[in-house]
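What follows is a single structure, written as structure tokens, with notes after it.
Side chains included, hydrogens not; waters and symmetry mates left out as well; all remaining heavy atoms used. The residues of the chain are indexed from 1 along the displayed sequence. Both counts, for ligands and for their atoms, begin at 1 and track the order of listing.
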Amino acid sequence: MLSLAQLPVTDLKGVGAALEQKLQKLDIQNLQDLLFHLPSRYQDRTRVIPIGSLRPGDEGVIEGEVKGTDIAMGRRRSMVCRLQDGTGTITLRFFHFSAAQKNNLKSGVRIRCFGEVRTGASGLEIYHPEYRRVDESVISPVEESLTPIYPTTEGVNQARLRMLTEAALGYLEAGSLTELIPEPLRQQWRLPPLNDAVKYLHRPPVEADQEQLLDGLHPAQRRLAFEELLAHHLSLQKLRNRTRQQGAPLLTSTGQYCQPFLEQLPFPLTGAQQRVAAEISADLSQPYPMLRLVQGDVGSGKTVVAALAALQAVEGGFQAAVMAPTEILAEQHYINFSTWLEPLGLKVAWLAGKLKGKKRQAQLEMIADGSAQIVVGTHALFQDEVSFANLGLVVVDEQHRFGVHQRLALREKGRQDKRSPHQLIMTATPIPRTLTMSAYADLDCSVIDELPPGRTPVNTVVISDQRRAEVVQRVQDACHQGRQVYWVCTLIEESEALQCQAAEVTAEELREALSELRIGLIHGRMKPAEKAEIMASYKAAELDLLVATTVIEVGVDVPNASVMIIENPERLGLAQLHQLRGRVGRGSVESFCLLMYHAPLSQQGRERLAVMRETTDGFRIAEKDLELRGPGEVLGTRQTGMMSFKVADLQRDADLLTRVKQVAGQVAEDVELTDAIIQRWLGRDEQYATV
Ligand code: ADP
Ligand code: MG
């Protein structure tokens, strides 16, 4: 049968060169692409909902009688229309409107609307609903089946896409979509035929189980989600295989530096550190590049493990680079590495944006001529002017902050004679297993699942900001006992400027209330040098209290800091709260974290803060975060691009992943098939194709 992949969109009536171009933006070139442009969700316009039963966030059809329409002045002029149906009243609000529109919405007129309910100035409101007048004496029909909603782009709106998909569906009898999952596997996993599934999702039949469809749990959706997850998995697997085909420096461990390093450490490694170090050591002695992700909760001692890996690279005759996402962190690593390694006769170079002129030149030379065996820095390390003598290993700390692309760019940087350096990626943000299985399928994973002995878990208290005065008192008491305190300010706005301003105001207030204390302030708008100076004096205990924005989130180590106040913790993700809290509890004294929320908390907000109070286990927190917020939020915006799925949802479809992995193994041999599956779902997005 004819494959719809062979028919260009221009075969459809009304699709000319202009529309063809616009469709390109949606990655649609042929009829198959068009049919794989699936609805991202559905609207339920199949019933009229009583106004009295609406909740914020609901979306649906309502019908009622207009009880008056007025112009409201407020911050933004708007037209408000009150609508009543006998069960309740709701406000329709329009920010753009005409005089004619106002006239049409006279008292007594019946209208039917569709829109999303939100909490507005007057209670429940719908902004800019779609609406039309209805006649009470004639029953006007609602839609029979769910309405598909497509992802759109400029010049290609919903209506257009509905028409185009309708036309393409017309071809489904004569031609077909290429079934890419082999028949025996389809039988084995009971997957419905592709054509049927696609048709179903574009035009759910009247008798469809609507609840199931709206929840994304219909077998047709699961069938496609399965294939999509498979495509992602195969793409990462391909990347991994390609990596394996590249050569890498053989870094044989001799113990020359590792042994004396371990002997001079003031503590023995934990069991988990030993295990992970051994896994890394085995990778480094392979002739292909290591790509290993080490996950270890805050304070689990990843730095020592990284140092051991770096030393093995040096023993093998190569350089190691250690990269951190911020200058504060990079500098901290630089201090650690030089204190540890210079006594062993090694040279550590340092490179960051703030290093300029002659000093920079000197470091660059040491890196280029190989007199520095270890190089520590920020992403400045990977600018063009930096050239390594012989880079054997790249360690990336706090991987979370870097996206896949940066990870790959790094690898390219160290490439010489077709050999790529080994890569070790360390993250303190535990990544739930479901995510590692998909987003990180190209990496091997190690987990440092044990904290060094002698740590006392942080006591977490959830407290309302109405008790702020008590909290300030507590801070004072703690400082008088010689403890150091962090006070973290957050803001709901994305604006960094506002967040910094809030921190400035808070610092001022605290300076007034606690005039005898030495109070510092650090935020993201300060120059790196200023920040470093403040951090250094806090670390040297020249400050009692540090007011900060979330810039201190990652990695900073001040063991004497044992109390942290977090304002408005309800605004942050759990993983971020966990990171912040990890800044205290690093010494042996009992530590406290006060989560000072602003009432009232939503149900979800309460649940989330309760998780923080109940556990300090980063993995449990990450799982909960994923459950409550979804993968985009958990991985951070940098990586969401890569995690955007058309049909699949990592949380909802997590149970498919084991099967996906099995099927991936079963089809991996067939290169043509594998490429076709990847192409269909990732298309031009296949980020890895060029590596
Ligand atoms: P993270 O995993 O958060 O990067 P670090 O490597 O900064 O943790 O280690 C946190 C602290 O624990 C450091 O002060 C480090 O010296 C110390 N540490 C690391 N390993 C051990 C160990 N095995 N026993 C005791 N202390 C350790
Ligand atoms: Mg660290």
Side-chain angles (χ1 to χ4, degrees), residues 258 261-280 292-311 321-341 343 374 376-378 394-402 424-431 445-458 484 486 535 538-541 551-562 564 575-589 591 616-619 621-622:
C258 292
F261 167 68
L262 287 173
E263 280 159 23
Q264 69 159 37
L265 275 182
F267 45 74
L269 296 187
T270 63
Q273 282 171 319
Q274 283 174 26
R275 176 172 42 75
V276 172
E279 284 165 357
I280 295 168
R292 187 170 285 278
L293 175 71
V294 171
Q295 300 183 53
D297 214 338
V298 272
S300 61
K302 293 184 289 296
T303 322
V304 174
V305 171
L308 281 168
L311 288 175
V322 180
M323 181 168 89
T326 64
E327 292 209 351
I328 295 181
L329 270 183
E331 188 159 15
Q332 192 170 293
H333 279 324
Y334 173 63
I335 293 166
N336 274 330
F337 277 78
S338 30
T339 325
W340 284 337
L341 308 184
I374 314 271
V376 181
T378 57
V394 175
V395 180
V396 185
D397 194 14
E398 309 297 353
Q399 126 86 12
H400 207 66
R401 295 285 176 95
F402 301 103
L424 179 65
I425 290 152
M426 303 197 296
T427 175
T429 313
I431 303 167
C445 280
S446 299
V447 183
I448 307 183
D449 51 5
E450 183 185 348
L451 291 180
R455 302 269 166 87
T456 34
V458 182
Q484 284 174 281
Y486 288 108
M535 267 334 282
Y538 188 61
K539 215 169 167 168
V551 293
I552 51 152
E553 184 189 335
V554 221
V556 179
D557 198 21
V558 183
N560 189 47
S562 58
M564 174 175 283
Q576 205 180 359
L577 282 174
H578 179 64
Q579 286 292 311
L580 279 170
R581 182 171 62 180
R583 303 301 113 221
V584 292
R586 306 206 132 211
S588 50
V589 294
S591 304
T616 49
D617 175 346
F619 276 91
I621 291 174

For this session: Mind checking salt bridge (Lys or Arg N to Asp or Glu O under 4.0 Å) for E450 and listing every partner two or more places apart, or none if nothing turns up?
Result: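 E450: no salt bridge (Lys or Arg N to Asp or Glu O under 4.0 Å) contacts found.
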At a non-hydrogen distance cut-off of under 4.0 Å, which region of [X] contacts ligand 1 (side chain, backbone, both, or neither)?
X	value
P268	backbone
L269	backbone
M426	neither

Problem set entry | Proximity winner for atom 25 (C) of ligand 1, if only heavy atoms of P452, P453, A307, S300 are counted |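 Comparing heavy atoms across P452, P453, A307, S300, the nearest one to atom 25 (C) of ligand 1 lies in P452.
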Problem set entry | The one among G582, G301, A306, P559 that brings a heavy atom closest to atom 8 (O) of ligand 1 |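 The nearest heavy atom belongs to G301.
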Are any of the N or O atoms of [X] closer than 3.5 Å to those of ligand 1?
X	value
K302	yes
G296	no
V304	no

Exercise. What atoms of ligand 1 come within less than 4.0 Å of a heavy atom belonging to T270?
Worked result: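 That gives atoms 23 (N) of ligand 1.
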Problem set entry | Where ligand 1 meets T303 - atom numbers and elements under 4.0 angstrom, heavy-atom basis |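 Per the distance check, 4 (O), 5 (P), 6 (O), 7 (O).
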For this session: Would you indicate whether the side-chain heavy atoms of V276 and R292 approach each other to under 4.5 Å?
Result: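 No, side chains not in contact.
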Problem set entry | Close side-chain approach of W340 and L311, heavy atoms under 4.5 Å |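 W340 vs L311: side chains apart.
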Problem set entry | Distance in Å, L262 CG paired with F267 CZ, rounded so as to fall on 0.5 Å steps |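 Reported to 0.5 Å precision, the distance equals 9.5 Å.
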Exercise. In Å, rounded to the nearest 0.5 Å, how long is the span from CG of D449 to CG of D297?
Worked result: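 Separation between the atoms: 10.0 Å.
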Problem set entry | Single hit among L424, I425, I374 for side chain to side chain contact (heavy atoms under 4.5 Å, CB included) with V395 |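 One option only clears the test, and that one is L424.
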Exercise. Backbone N or O of Y538 within a donor-acceptor pair of the Q484 side chain at under 3.5 Å?
Worked result: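 Checked: pair present.
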